[in-house]
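Since we're looking at a predicted model, the values are computed, not measured.
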Amino acid sequence: MAALDPPPTADNATADTADSTDSATAPLRSRAWFGDGGKNGFISRHHLRAMGRGGHNFDGRPVIGICNTYSELTPCNGHLQILADAVKRGVLQAGGFPLEFPAMSLGEPFLRPTSMLYRNLAAMEIEEQIRANPLDAVVLLTGCDKTTPAALMGAASAGVPAIVFTGGPMLNGRFRGRNVGSGTDIWRMTEELRAGTITQEEFTEFESSLNRSAGHCMTMGTASTMACLAEALGMMLPGASGLPAVDARRGTLAEATGARAVELAGSALTPGRIMTREAFENAIRVNGAIGGSTNAVVHLLAVAGRLGVPLALDDFDRLGAELPLLVDLMPSGRFLMEEFAYAGGLPALINDLRDRLHHDTVTVTGRSLVDNCAGAEVYDREVIRPLDKPVQPAGTGTAVVRGNLAPDGAVVKQSAADPALLRHTGPALVFDSVEEYLAVAEDDDLDVTADTVLVVRNLGPRGYPGMPEVGNLPLPKKLLDAGVRDMVRISDARMSGTAFGACVLHVAPEAAVGGPLALIRTGDQVRLDVPGRRLDMLVEDAELDVRRAEWQPPKPPADRGWTYLYTRHVTQADTGADLDFLVGSTDSAPPRQAF
């Protein structure tokens with residue numbers, strides 16, 4: 001298959017379009033609305049005329065939707081209106097007709113009980129808006145953690161050509177002469193405040209120094225991870241994942257993205273054509289090299305499920321273990337996204353990894369991922385390490401452990417944990433809710449030692465509901481005062497991609513559906529063996545059978561609304577925590593007429 005054309009970049013946003021079997025020769029979806037010479041076409045056209053849009057907009061040019069997750073309730077996406085204007089310029093310059101529309105915005109700072117509860121709702125809304133409207137291609141403007149996977153899921157299901165453009169990371173935080181990172185340093189400083197090693201005044205000064213510009217978290221948290229993986233999957237232009245939100249070149253790339261969307265309109269380069277099994281394998285390998293968030297596991301599984309791509313939890317362990325950690329970024333390293341971008345960003349890393357990646361994938365540029373990045377240079381080898389001098393060796397990324405405590409799997413981010421705790425046996429201290437634990441976490445008389453395995457359950461997709469980012473549970477103050485800074489923690493929750501610690505996450509099945517996590521009791525011995533990929537409670541099967549017979553399911557968290565629907569249809573973490581009735585691919589055919 002021939003390429004569409006050379007990829008537009010920040011320095012070359014007006015590349016000539018090449019002839020191709022993938023180019024926009026198929027009938028445009030929008031003609032089913034605007035090309036109708038009768039009543040239905042009249043209704044579609046004249047309402048746009050009321051907005052001052054002249055008839056030349058309906059002359060057969062591609063209609064490009066700009067799906068904008070801007071919201072003042074999502075500070076990370078608060079600048080997307082500016083980028084939407086740049087995308088519109090690119091669409092207009094390329095001869096398209098841009099129409100911006102809002103989508104549910106998922107902001108980590110404010111949404112309770114967790115933004116993850118609403119990822120599937122946002123994905124459903126995006127899918128339905130794309131399918132129901134006269135759109136020939138879509139630009140997906142995202143940023144904060146769940147907005148990118150939600151957009152990928154929705155676009156995957158809708159089947160219309162789409163291209164992602166994220167808002168970019170913030171500038172580095174600066175506190176007392178040093179760089180500080182969102183999330184990572186919050187967790188660290190919060191624990192030091194609890195331990196009394198810093199004052200409240202220092203903590204407040206740090207708060208005002210951390211976020212200095214528009215953009216999402218500048219650590220390799222979930223937002224940065226999903227931006228990088230959207231690019232690795234082939235759904236973004238080369239280099240679009242790393243540039244800071246306030247870098248002028250991001251505006252140039254936004255224009256190029258709009259122009260590219262026009263060229264994608266009517267083509268065969270739909271999300272399903274791009275996000276193949278090979279593309280997901282590339283993304284998983286890249287996730288290992290960047291030290292990406294454990295949340296990438298549950299998000300990529302969900303996106304793959306929408307496309308019918310066979311992807312399993314163990315693929316992340318097997319493929320991720322093939323590559324060492326090469327990007328020296330917090331929380332697994334020292335630097336932040338600003339340094340990563342200026343060191344060459346994802347294209348430079350991809351070029352380093354070219355012999356470890358599939359070369360036959362196609363991206364939104366019409367070229368393969370490897371071809372897109374050919375010749376990209378690394379400008380700082382402290383930030384992007386060579387393969388023979390990694391930050392951490394191969395096999396130290398996200399690991400999948402199984403055993404009688406997690407028969408369907410759980411994940412551990414090895415690179416962000418104390419290595420001494422990756423093989424550990426100790427007594428469990430069990431809590432049925434995070435509130436129950438937090439109520440005693442400050443208690444100096446809490447029966448806990450550094451060997452204790454802290455277990456908090458009922459935090460999974462159904463149990464919380466929504467599977468919150470509380471898996472990096474704060475350490476008991478008794479241990480902090482003794483100088484302990486990590487301990488084994490087990491839950492059916494997630495943790496922020498910016499977080500760190502010996503945290504076993506995404507335990508499946510979760511406690512709320514009767515998984516073995518519901519059966520463990522305080523005092524039971526727990527054995528974690530990450531190198532051996534095992535997680536077990538050292539309890540006889542007969543005793544577990546007795547406990548299972550006594551177990552009662554918790555009361556459902558809601559009897560109406562979205563939460564009611566969600567808790568009855570959400571799948572487990574090991575399959576992506578999507579809704580069971582949304583799994584599987586669909587088509588982009590225009591729906592039946594409205595009038």
Side-chain angles (χ1 to χ4, degrees), residues 4 17 19-70 84-85 87-104 121-141 151 153-163 257-273 306 364 581-582 584-595:
L4 272 169
T17 302
D19 293 331
S20 168
T21 56
D22 275 340
S23 61
T25 57
L28 297 174
R29 291 180 77 252
S30 60
R31 300 313 293 160
W33 284 261
F34 299 129
D36 186 323
K39 173 185 61 180
N40 286 282
F42 178 94
I43 291 171
S44 296
R45 294 186 301 268
H46 92 285
H47 280 289
L48 282 173
R49 289 182 187 275
M51 296 172 64
R53 308 298 176 90
H56 63 280
N57 290 300
F58 322 126
D59 62 3
R61 66 188 61 202
V63 179
I64 308 301
I66 302 174
C67 177
N68 195 345
T69 57
Y70 159 82
D85 287 341
V87 172
K88 288 177 186 176
R89 290 195 301 270
V91 171
L92 292 169
Q93 290 163 8
F97 176 27
L99 289 174
E100 181 181 349
F101 63 94
M104 185 178 186
L121 179 60
M124 189 188 306
E125 181 201 6
I126 290 169
E127 172 188 349
E128 299 299 339
Q129 287 206 74
I130 293 173
R131 183 180 294 107
N133 282 292
L135 305 177
D136 301 308
V138 183
V139 176
L140 305 161
L141 291 181
M153 292 163 68
S157 292
V160 172
I163 184 170
T257 298
R260 191 61 189 169
V262 175
E263 295 162 349
L264 288 170
S267 78
L269 278 182
T270 61
R273 168 78 174 85
R306 293 296 186 96
V364 289
F581 59 81
L582 292 177
S585 57
T586 52
D587 63 66
S588 61
R592 300 169 70 180
Q593 292 184 349
F595 302 99

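Of all non-hydrogen atoms in G258 and V91, the two that sit nearest each other are O-CG2, 3.5 Å. Between G159 and P271, the closest heavy-atom pair is C-CD, 4.5 Å. The shortest heavy-atom contact between A132 and W33 is O-CZ2, 3.5 Å. Scanning both residues, A151 and L140, for their nearest heavy atoms gives O-CD1, 3.8 Å. Contact between A162 and A155 at its shortest, heavy atoms only, is CB-CB, 4.0 Å. Smallest separation of non-hydrogen atoms from P161 and G266: CG-N, 4.4 Å.
Panel note: side chain R260, backbone I163; no donor-acceptor pair is recorded below 3.5 Å.
Checked options L269, T257, L264; the residue passing with V364 is L264 (criterion: side chain to side chain contact (heavy atoms under 4.5 Å, CB included)).
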(message) For D36 and F42: C-alpha separation, side-chain torsions, deciding distance, then whether side-chain contact (heavy atoms from CB on, under 4.5 Å) applies.
(response) CA-CA 8 Å; D36 186 323; F42 178 94; over 6 Å; no
(request) Decide side-chain contact (heavy atoms from CB on, under 4.5 Å) for C67 and I126; before the verdict, give the C-alpha distance in whole Å, the side-chain angles of both, and the deciding distance to 0.1 Å. (result) CA-CA 8 Å; C67 177; I126 290 169; 4.0 Å; yes
(request) Go through the steps to decide whether V139 and I64 satisfy the test side-chain contact (heavy atoms from CB on, under 4.5 Å), and finish with yes or no. (result) CA-CA 7 Å; V139 176; I64 308 301; 4.1 Å; yes
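You'll find the side chain of P62 stays beyond 4.5 Å of the side chain of F97, heavy atoms only. Put simply, the side chain of F58 reaches to within 4.5 Å of the side chain of L48, judged on heavy atoms. Between R29 and S588 the shortest side-chain heavy-atom distance falls below 4.5 Å. Counting heavy atoms from C-beta outward, V63 and L99 have side chains that approach closer than 4.5 Å.
Every pair passing side chain to side chain donor-acceptor pair (under 3.5 Å) that includes a residue from residues 128-139 is listed here, sequence neighbours excluded: S30-D136, E125-Q129, E127-R131, R131-T586. For residues 51-60, the side chain to side chain donor-acceptor pair (under 3.5 Å) pairs, not counting sequence neighbours, are D59-R61. For the side chain to side chain donor-acceptor pair (under 3.5 Å) condition, the pairs that include at least one residue of residues 37-51, sequence neighbours left out, are N40-Q593.
For N68, the side chain to side chain contact (heavy atoms under 4.5 Å, CB included) criterion is met by Y70, L80, Q81, A84, E100, L141, not counting sequence neighbours. Here R306 pairs with S157, D578 under the side-chain hydrogen bond (donor to acceptor under 3.5 Å, both in side chains) rule; sequence neighbours left out. Residues satisfying the side chain to side chain contact (heavy atoms under 4.5 Å, CB included) criterion with L92, sequence neighbours excluded, are P98.
The structure places CZ of R273 at 8.5 Å from OG1 of T270, a figure rounded to the nearest 0.5 Å. M104 contributes atom CE, which lies 11.5 Å from atom OG1 of T69 (distance to the nearest 0.5 angstrom).
The environment of CZ in F595 is sparse: at most 12 heavy-atom neighbours from other residues, nucleotides or ligands sit within 6.0 Å.
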